[in-house]
Amino acid sequence: MPQQPTVLCIQDLSCVGRCSLAVVLPALAAMGLQPCALPTALLSTHTAFANPAVTDESDFITRALGHYDSLGLHFSCVYSGYLADAGQIATVQRAFSQSPDALKIVDPVMADHGKPYAAMTPPLRQAISQLCSQADMIVPNATEALLLLKEAPDEHAWSETQMHARMDALMQRYPALQAAVVTGVQHTDGRFGNLCRSHGQTRFLPYHVIPQSYPGTGDLFAAVFTGALLRGQSVWDACRLSADFVALAVQRTAQSGADPRFGVCFEPLLYRLSPGFSG
C-alpha cells in the first residue's frame with residue numbers, strides 16, 4: 001500500500017466559524033490525505049464575529065518544528081495560509097527547508113474586495129511576497145494578485161489581455177513557481193472565474209456566482225486544490241474540483257438560510273471529496 005501523503009498545514013485555528021484549519025483539516029482528510037495541523041494562532045471565533053479571544057502561537061510553532069526536525073519528520077506538502085507577522089513567515093520558510101522535497105503551496109492571505117486587511121502592513125505584505133518566491137504554487141485572490149504585482153488593488157474587471165499579462169507577470173516575478181491560481185476574477189464580459197497558469201498556459205475557468213459572501217471559502221478552495229494535486233490531478237482539474245465543491249457548499253448554505261458569519265455548511269458534502277466518489 002502506498003504511503004499516505006502528509007500535509008503540514010500552517011495557519012490559524014478558529015474554534016467557532018468555518019475558516020482556516022477548521023475547513024482545511026476535514027477537507028484534506030476526506031480526500032484521503034493526512035493533514036497535520038500547525039496553528040499559528042488560536043481564536044475563540046473567526047473575525048467575522050467581534051472581539052474574539054486570541055492567542056499567538058509563534059513560540060509553539062517554532063518549538064514544534066524543532067521537535068519535527070529532531071524526529072527526522074518530512075512532509076509530502078507544506079501548505080501555509082494566514083500568517084500574522086514576519087516571524088511566522090520565517091517559520092514557514094524553515095518548514096520548507098526541513099522538507100526539501102515537499103510540494104510548497106502558499107495561500108498569500110492578506111486582502112480581499114479591493115483592499116488589504118487592516119493588519120497587513122506594507123512590510124508584512126513584502127514578507128509574504130518573499131515567501132511566495134519560495135513556493136511551488138500560489139493561490140491568491142484577485143486583490144492579492146494585484147498586490148503581489150505591486151499594482152493598486154481594486155475590484156475592476158479584467159480583460160482577456162490583462163488576464164494573460166498579469167499571469168505572465170506573476171510567473172516572471174516568482175520564477176520558481178510551477179503554477180499559479182488567481183481566484184475570484186471578474187472578466188470584462190461579466191463572468192466570474194478562476195485564472196489558472198500551468199505549463200506555460202493561462203486558462204480562465206468560469207463558475208456560477210451566488211450573491212452571498214461567506215468567510216472561509218478561499219481556505220476551502222485552497223485545501224481542496226492542494227488535496228487534488230497530491231492525488232495526482234492536473235492544475236486544471238484540481239481548480240475545477242475546488243470551484244465546484246465550494247460553489248455547491250455556498251449554494252446549499254444560501255438555500256438553508258444559515259447565518260453567513262458561520263461560513264459554508266460543507267460537512268454534509270465531504271463524501272464528494274473521497275477518492276472513490278464518482279458522481
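These numbers come from the heavy atoms of this one structure, side chains and all, not from hydrogens, waters or symmetry mates. In this chain, residues are counted from 1 in sequence order.
- Aromatic rings from His187 and Phe192 are positioned such that their centres are separated by 6.0 Å or more.
- Considering only heavy atoms from C-beta on, Leu65 comes within 4.5 Å of Leu8 through its side chain.
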> Please walk me through it: do Thr91 and Thr62 pass side-chain contact (heavy atoms from CB on, under 4.5 Å)?
Replying inline: CA-CA 7 Å; Thr91 300; Thr62 298; 4.0 Å; yes
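- In this structure, Tyr82 and Ala119 approach most closely via the heavy-atom pair OH-CB, 4.2 Å.
- Counting only N and O atoms by type, the side chains of Thr253 and Gln255 include no donor and acceptor under 3.5 Å apart.
- In the hydrophobic clustering of this structure, Val92 groups with Phe60; members are Ile, Leu, Val, Met, Phe, Trp, Tyr whose side-chain heavy atoms approach within less than 4.5 Å, directly or through other members.
- Applying the side chain to side chain donor-acceptor pair (under 3.5 Å) test to Arg197 and every residue at least two apart in sequence or in another chain returns Asp168, Thr202.
- Note: Glu57 CD to Leu38 CG = 9.5 Å, rounded to the nearest 0.5 Å.
- Side-chain contact between Arg203 and Leu195 is absent, with no heavy-atom pair separated by less than 4.5 Å.
- Side-chain atoms of Ser99 and Tyr68 form no donor-acceptor pair, as typed in the model, at a separation below 3.5 Å.
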> Between Leu149 and Leu170, is a side-chain contact (heavy atoms from CB on, under 4.5 Å) present by the stated rule, with each step listed?
Replying inline: CA-CA 7 Å; Leu149 292 172; Leu170 273 178; 3.8 Å; yes
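- Taken to the nearest 0.5 Å, the OG1 atom of Thr217 stands 12.5 Å off from the CZ atom of Arg18.
- Leu43 is not connected to Leu13 by any chain of hydrophobic side-chain contacts under 4.5 Å among Ile, Leu, Val, Met, Phe, Trp and Tyr, and they are in different clusters.
- Using a 4.5 Å heavy-atom cutoff, the side chains of Ser76 and Val7 are not in contact.
- The closest donor-acceptor contact from the side chain of Gln251 to the backbone of Ile210 lies at 3.5 Å or more, if one exists at all.
- Minimum heavy-atom separation, Gly216 to Cys19: CA-CB, 3.8 Å.
- Dense packing is recorded around CG of Asp189, with more than 12 heavy atoms of other residues, nucleotides or ligands lying under 6.0 Å away.
- Linking ILVMFWY residues whenever their side-chain heavy atoms come closer than 4.5 Å, directly or via other members, places Leu147 and Met167 in the same cluster.
- By the 4.5 Å heavy-atom criterion applied to side chains, His46 and Val16 are not counted as neighbours.
- Between Asp107 and Tyr79, the closest side-chain pair of non-hydrogen atoms falls below 4.5 Å.
- Side chain of Gln134 to backbone of Leu131: no donor-acceptor contact under 3.5 angstrom is found.
- For Glu155 and Lys115, the salt-bridge test fails: no basic side-chain N is under 4.0 Å from an acidic carboxylate O.
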> Could you go step by step and tell me if Gln178 and His199 meet the side-chain contact (heavy atoms from CB on, under 4.5 Å) rule?
Replying inline: CA-CA 8 Å; Gln178 299 173 13; His199 294 91; over 6 Å; no
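- Ring-centre distance between Phe49 and Phe262: below the 6.0 Å cut-off.
- Under the 4.5 Å side-chain criterion, counting only non-hydrogen atoms from C-beta, Ile138 is in contact with Leu148.
- Atom CZ of Phe96 and atom CG of Leu103 lie 9.0 Å apart (nearest 0.5 Å).
- No donor-acceptor contact under 3.5 angstrom links the side chains of Gln34 and Thr6, judged on distance only.
- Asp244 and Arg240 are not joined by a salt bridge, as no carboxylate oxygen comes within less than 4.0 angstrom of a charged side-chain nitrogen.
- For the pair Met31 and Leu241, the minimum side-chain heavy-atom distance is below 4.5 Å.
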>> Show, in sequence, the C-alpha distance, side-chain angles and deciding distance for Asp136 and Leu177, and conclude whether the side-chain contact (heavy atoms from CB on, under 4.5 Å) test is met.
In response: CA-CA 5 Å; Asp136 296 317; Leu177 289 180; over 6 Å; no
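- Considering all non-hydrogen atoms of both residues, Gln11 and Leu21 come closest at O-CD1, 3.4 Å.
- Looking at heavy atoms from C-beta onward, Phe221 lies in side-chain contact with Asn194 at the 4.5 angstrom threshold.
- For the residue pair Thr40 and Asp12, no side-chain donor N or O sits within less than 3.5 Å of a side-chain acceptor on the partner.
- Note: the hydrophobic cluster containing Leu33 also contains Val235 (ILVMFWY, side chain heavy atoms under 4.5 Å, direct or indirect links).
- To the nearest 0.5 Å, the span separating CD on Glu144 from CZ on Arg125 amounts to 11.0 Å.
- Under a hydrophobic clustering in which Ile, Leu, Val, Met, Phe, Trp and Tyr are joined whenever their side-chain heavy atoms come within less than 4.5 Å, directly or via other members, Phe245 and Leu28 fall into the same cluster.
- Closest approach of Ala22 and Ser14 over heavy atoms only: CB-O, 4.0 Å.
- The minimum heavy-atom distance linking Arg191 with Pro206 is given by the pair NH1-CG, 3.3 Å.
- When the shell of 6.0 Å around CZ of Arg231 is examined, it contains more than 12 heavy atoms from other residues, nucleotides or ligands.
- In terms of heavy-atom proximity, Arg173 sits nearest to Ser129 at NH2-OG, 3.7 Å.
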